[in-house]
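In what follows, a single structure is set out as structure tokens and then discussed.
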Number of protein chains: 2
Amino acid sequence: MSSGNGHTTMKDVARLAGVSPATVSLALGNDPRVNIKTRKLVREAADKLRYIPNEIGRSLRSQKTETIALVIPHTSQHVFSHPYFAKLLEGITEVLNENGYNLLLSTTAEENDEQSAYEKVLRNRRADGVIVSSASLFDRNFLRLVDSGFPVVYLGPWTNNDIYTVERDDVMGAFSATDHLLKLGRRKIVHFTGPLNHQVGRDRLEGYRLAHQQNQVPVNEELVIEKDLSVNAGYEGVTELLDRQIPFDALFAGNDLMAIGAMKQLLERGIKVPEQISVVGFDDIDMASMFHPTLTTVHQPMKQTGILAAQKLLGVLNGREDIEKKTVLQTKLMIRESCGG
Amino acid sequence: MSSGNGHTTMKDVARLAGVSPATVSLALGNDPRVNIKTRKLVREAADKLRYIPNEIGRSLRSQKTETIALVIPHTSQHVFSHPYFAKLLEGITEVLNENGYNLLLSTTAEENDEQSAYEKVLRNRRADGVIVSSASLFDRNFLRLVDSGFPVVYLGPWTNNDIYTVERDDVMGAFSATDHLLKLGRRKIVHFTGPLNHQVGRDRLEGYRLAHQQNQVPVNEELVIEKDLSVNAGYEGVTELLDRQIPFDALFAGNDLMAIGAMKQLLERGIKVPEQISVVGFDDIDMASMFHPTLTTVHQPMKQTGILAAQKLLGVLNGREDIEKKTVLQTKLMIRESCGG
DNA sequence: TTAATAAATTAAATCGATTTAAAAGGTGAT
DNA sequence: ATCACCTTTTAAATCGATTTAATTTATTAA
């Protein structure tokens, strides 16, 4: 039933149909140059043999892989556990499935130049394009990738108009959260920022400052604390604040996980949310509304980000000219119980 | 600097080094047949041109892709949002990265025969092997895949010894949870099962029954309720029980998400956990200990599952003979606050 | 019937690597 | 100088498809 190692190849179909491999290729591609009767003949032979084209062979010739890579730069792998990642993946796979594309998931533990996820996947030609999840600023591997002209969609803010991006208005999101707390009369608002070597963290901090400025409330720098975006960081952040007896009446956490960790510790210390401390998060993960009190948070369209990024990349790959470089998604403050008022 | 479309190919290296492509291939493979001085020469030329072999060409010839696929059968894509998936992915990518393998993520929305994730990825030859996340029983596409002899590691229980599996002792896990509740004196224990067309759901139900049997407590079939494994299912499950005024004093949820949803609804109805109702979950997701009360649950080693599955598959691909067909991971009851006692 | 033209098919090159078998180059013994 | 043998290099086939250019077959016009 097959030629070589046990798989049905085009040659097998050609032999059964009594035509040449070239005809098979054209016929299956429904090329009008092939007689309609021959086309039918070939299709029947292909069906009978359950022929599925070998994508590797096809890729080599066409210089296309019908695959895109999602690159997550040198990470502690915990990203996977972040709900953002799951939703992003949902969106991406939905679009890719609709368009018959495959998804290669690429991570690198080290920042190793040679073996960086960028070098590996891209120059390998294993994917036609990449979606790059927000990298730390000034990663030179990433910059090299951009320079190389390889199709990239970057998830996050980018200063100039060189590359395709899907971003959130983090400044505005953080502004709305902080502004809401200020309007509620809170004046000592702690902000747990995410890592400040990522633009996300910087932008949210900027929004926090902006809200203070507009409400003519000075920022107490002691209340701005850099943390990583984990539950634990939130938990420990509150521990430290309480132990150091720093007074505060609200917390704007860099993301929901931190907010959840913080609320946990506040609860354990017998501090009432929102009566004593108002808490606001960022992301609006599914769990946000499962806690008691339910978490007020800045909603960001995570799945939509994945959808748009994938559509954008496919658009670029298909040579469409009408693709805008920058897509900015708006956030929305979801007011629930954790901030009171 | 390059031959065709802008990428450095082996021919380019050969030209620069003044040797034939064949020599380049052998030299870079460090074949002793090539003179040591030539090898050095070639390596230098390759470095100078920043040559990276085209994996597609290599794959076509070697019939290997250095890629494995994680197949998630016809799913509502919500799987991604389940913490189990994230941890699994962590484990898998860790092993793959160590071994220079790529990961292809493959899902299918439909059960469509032709386009099933199995057909697509496997017969395409885009991956050397697959890890299949627990499928619904009797999926004929899956059975066909197994028959084809394609390297497969299946995540979940399998009746015979035909295929490589990594499984949990779900029966035992569910037993320990239920037994614990019974030992606490609970007699009307609700069980929200997961979908019963999956072996997981069946096994956990079996453990639930077994515990009753051993404790000589009859099972009230009205308390066994089939639900999907979501937060919402747990929430609504409790709503229905309360609305139908079915008395119960404990709940063993098929997973933590359901338990969390259930606790949410109990809280809203003013029913105290664990004083009035004891709750136990299954999985031990990170969030389990963030709730109040903290969730008693059956721990399963999710990341370890990924690690073992990946190691097993790579072992099979490398032709190792000492790989055991079946690996069964043990669970562990984590006693926290939600069940009292 | 033959020439000109159109339609259908196929041989062969190509994509980028690997690998086998053949060729070329060296060395030492006789 | 010749032969045998070993080392090194390379030509050519191969993997499985696509596509161009050439060939074969069919159709129409004269």
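Model, not experiment: these values are computed from the prediction.
Atom NE2 in A:His7 sits roughly 10 Å away from atom P in D:dG16 (whole-Å rounding). Between A:Asn30 atom CG and C:dA8 atom P there is a gap of 14 Å when expressed in whole angstrom units. When rounded to the nearest whole Å, the span between CZ of B:Arg39 and C1' of D:dT8 equals 11 Å. Whole-Å rounding puts the B:Lys37 NZ to C:dG26 P distance at 12 Å. Straight-line distance from the CG atom of A:Asp12 to the P atom of D:dC15: 11 Å, rounded to whole Å. Atom P of nucleotide C:dT9 and atom CG of A:Leu28 are separated by 14 Å, given to the nearest angstrom. The CG-P distance, from B:Leu60 to D:dA13, rounds to 17 Å in whole Å. Computed from coordinates, the A:Asn35 CG to D:dT24 C1' distance equals 14 Å when rounded to whole Å.
Between B:Gln63 and D:dG16 there is a side-chain N or O to OP1 or OP2 distance below 4.0 Å.
Each end of the helix from C:dT1-D:dA30 to C:dT30-D:dA1 gets its own axis, taken as the rotation carrying the C1' atoms of four end pairs onto the next four within a five-pair window, and the two axes meet at 70° to the nearest 10 degrees.
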Nucleotide-resolved protein contact map, nucleotides 17-23 of chain D, B/S/- at heavy-atom distance under 4.0 Å: BBBB---
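The shortest non-hydrogen separation linking B:Glu167 to B:Thr165 is OE2-OG1, 2.7 Å. Of all non-hydrogen atoms in B:Ala46 and B:Leu28, the two that sit nearest each other are CB-CD2, 4.2 Å.
A side-chain hydrogen bond (donor to acceptor under 3.5 Å, both in side chains) with A:Asp128 is found for one member of A:Asn102, A:Thr67, A:Thr65 and no other, namely A:Thr65. The side chain to side chain contact (heavy atoms under 4.5 Å, CB included) test with A:Tyr164 is passed by exactly one of A:Leu313, A:Ile131, A:Val152, A:Val316: A:Val316.
Using a 4.0 Å cut-off between charged side-chain N and carboxylate O, B:Lys48 and B:Glu44 make no salt bridge. Using a 4.0 Å cut-off between charged side-chain N and carboxylate O, B:Glu94 and B:Lys303 make a salt bridge.
Side chains of A:Ser59 and B:Arg126: a donor on one and an acceptor on the other come within 3.5 Å. Between the side chains of B:Thr9 and B:Asn54, no donor-acceptor pair is found at a separation under 3.5 Å.
Nucleic acid contact for A:Ser59: none, since no nucleic acid atom lies under 4.0 Å from a heavy atom of the residue.
Remark: B:Phe85 pairs with B:Phe80 by the ring-ring contact (aromatic ring centres under 6.0 Å, His included) rule, at least two apart or across chains.
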